[in-house]
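In what follows, a structure is listed as structure tokens, so that the remarks can point back to it.
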Number of protein chains: 2
Amino acid sequence: MEYTSDSSSDIANGLLIDISTAIMRVSDNELQCRVIDDDKGARDASPPPRLPFGPFMPNQHRTMEISVRQWVREQVGVDLGHVEQLYTFADQGRHIRDTAKDQHVVSVGYLALTNQVDIGDARDKSMWRNIYDFFPWEDWRHGTPACLAQLIIPALETWLADNPDAAERVRVAFGMDELQWDEEFVLERYEILYEAGLIDETFADRRIAEPPHHGVPGASLQLDHRRILATALGRLRGKFKYRPVIFDLMRAQFTLTGLQKTAEAILGVCLHKQNFRRMVEKSNFLVSTGKTEKARGRPAELFRFRHGQRADRPLSGLRVSSSRGRARR
Amino acid sequence: MEYTSDSSSDIANGLLIDISTAIMRVSDNELQCRVIDDDKGARDASPPPRLPFGPFMPNQHRTMEISVRQWVREQVGVDLGHVEQLYTFADQGRHIRDTAKDQHVVSVGYLALTNQVDIGDARDKSMWRNIYDFFPWEDWRHGTPACLAQLIIPALETWLADNPDAAERVRVAFGMDELQWDEEFVLERYEILYEAGLIDETFADRRIAEPPHHGVPGASLQLDHRRILATALGRLRGKFKYRPVIFDLMRAQFTLTGLQKTAEAILGVCLHKQNFRRMVEKSNFLVSTGKTEKARGRPAELFRFRHGQRADRPLSGLRVSSSRGRARR
DNA sequence: TATAATTATGCTCAAATTGAGTATAAATAG
DNA sequence: CTATTTATACTCAATTTGAGCATAATTATA
């Protein structure tokens, strides 16, 4: 048994590997991602922004993760916390870059978290964008997203009439019928919207000023970068529940409410305050600093993470109880 | 902000991408993986076996998953169930193949599950091996693995004396002190053993007959294939708990005990029978066939999976209660 | 200064889930 | 016929979860 090759011309050519990184932070209680607007302000018909990406150069970096960390350090001036490989995308016809020499480019997606929020914003053409600019249907913090009920579900039902085979997938991904909306299915939902032709990426890497907007709301990204971003969000939501990755998004000191707002931004749902507090306290990850933060009402206690425990230790019990759909008091 | 390249020589060269696949099945209540013994019986000094791998050819396959499915179909004659990309390994100096032309090879690991157990075994040099042949310390079904207590923990403690920075990682990965053994940390444990020099892979891809066995028990694989296999096992264990991937390892009909034995083979722990039964029944994934299977004692009811629900739907509640360490009645 | 509004924190309580059994049923082996 | 084996049903306490009420400590404002 062996994987054999009939035409070896494929191999001799070699491939390029791009590393594309979704760098995430939380600012103003919103999950944001760093994107680059190459032709910002240049013309009206500017292409959509993109994730920072660059070629992987095996001679210069021992591993891809080292590549990512070093690039981000040098180019963004940021030390990353959690860095995680997401997926290697090699789909033909899915906005993978093809170079002039006809070399295929495979793109490896990375998720990178930082807690450094005060880094140069207008220095170059890069900026922080709210993650839900790209996936408005994923944000349930203010109730059912308007675009979901008004646009997406009807459009999907129309599409399903011609594609009955996809019905079960769609039901599961979008929590239809008696099924629950699972916030981790970000990629599955994006893929379905893409297949159903409701996503504007089809026009994204050709210089069309304004895509014919029969699609669904949500900002586009170049190439397959929105897919990488969907993978990143889904992975972050999943990982959050059993590993303490949220800590890599927080500053040194924070209040429980701040922590909860970050969790809500990640998951795109509202959480029950008292239960969140109980769960966090039980997890034993926090240490009180003794200080308080004054704001509007009663001052909140400031916490920090327990020293030496930011490793990849299981965070049992961060399976957060959500009060999805409605903001609760 | 951009990832820039100083030396572009790196890029012009191009890279090769190998796809290596951990094909898993369950037979005789054991989780097995397909490996290839290239020089089987040739000489005494044969190299260790390897996973099936081959180059990814973007001109022939639209996606890598299609590649995997087609290769396995053609070469093994098996239709795969669940197929999942694991990780893309590009580490220098970590047994990544370098070709004669000095082209770097990046290897993409895949996990593939099959329920077809009766496929040619001696047809070529490939065979099924128990997964715990490669990771004996991961099998807790018969109590604490002997090699763990007798060899690994002492060796790690010695190693930690010179590498105190790794202490927290090791504690978490191996469940030392008050921490729990987490069966999902397969890769973390393997990586630590590798770093600590307790793994024989260092000798694996050079033709040394018998590696100087100061290491830890467990069969070697060529290149970085044992690392891929560790990733595969960890991912399978994790996924099992919240997605119904176990079904892709089962035959059309099976008993609850058979299902449990499969779950135990995956997780490497024993499970409480009555609670496993309760959990499975509640998940509503099974349908009785009305038939029974006669064996030793009381005949067991035969089940099949509910039609149309093998999709990637969440399997809430398969967070199995383990009676780790002891086989229970 | 008193009172309303706001935010944080403490506590309760029922429902659901989990962990660990006991009890009983239906077969085979001797 | 009896012991053994395996399957299945049921129980029960401990824990976890989901939801809410109650109280505390501030600021805003009348």
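Order of the sequence lines fixes the chain letters, A, B, ..., with proteins taken first and strands second; residue numbering starts at 1 for each chain.
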When rounded to whole Å, the CD to C1' distance for the pair A:Glu281 and C:dT9 reads 8 Å

Separation of C:dT7 atom P from A:Asn29 atom CG, nearest Å, is 12 Å

> Any chance the rings of B:Phe254 and B:Phe247 have centres within less than 6.0 Å?
Replying inline: no

Between CG of B:Leu259 and P of D:dA7 the distance, given in whole Å, is 12 Å

Whole-Å distance, A:Glu301 CD to D:dT26 C1', equals 15 Å

**OP:** Assess whether one donor atom and one acceptor atom, taken from the side chain of B:Gln274 and the base of C:dT22, lie less than 3.5 Å apart.
**Re:** yes

Does B:Thr255 reach a base, just sugar-phosphate, or nothing at all? Heavy atoms under 4.0 Å. nothing

Whether A:Lys273 contacts C:dA8 is assessed here as follows: a side-chain N or O lying under 4.0 Å from the phosphate OP1 or OP2. Is that the case?
yes

Separation of C:dT9 atom C1' from A:Gln260 atom CD, nearest Å, is 13 Å

Contacts of B:Leu302 and A:Arg298 projected onto DNA chain D by closest heavy atom; the upstream (5') one is B:Leu302

To the nearest angstrom, the CZ-C1' distance between B:Phe276 and C:dG21 comes to 19 Å

Side-chain atoms of A:Asn275 come closest, of D:dA9, D:dA19, C:dA8, to D:dA19

Testing D:dA25, D:dT6, D:dA9 for proximity to the side chain of A:Pro299, the answer is D:dA25

Paired with A:Leu259, the side-chain contact (heavy atoms from CB on, under 4.5 Å) test is passed by just one of A:Phe276, A:Phe285, A:Phe303, namely A:Phe276

Whichever of A:Arg296 and A:Arg278 has the more 5' nearest nucleotide on DNA chain D, that residue is A:Arg278

A:Lys282 has its side chain closest, among C:dG10, D:dT8, D:dT17, to D:dT17

*Got B:Ile152 and B:Leu193 here, is their nearest side-chain heavy-atom distance under 4.5 Å?*
yes

In whole angstroms, the gap separating C1' of C:dT9 from CG of A:Leu271 amounts to 17 Å

B:Met279 atom CE is separated from C:dT18 atom C1', nearest whole Å, by 12 Å

For this session: May I ask you to decide if A:Cys270's main-chain N or O and A:Arg141's side chain share a donor-acceptor pair within less than 3.5 Å?
Result: no

| field | Residues A:Glu184 and A:Lys239 bridged, charged N to O under 4.0 Å | value | no

Tell me whether the side-chain N/O atoms of B:Thr257 come closer than 4.0 Å to OP1 or OP2 in D:dA7.
yes

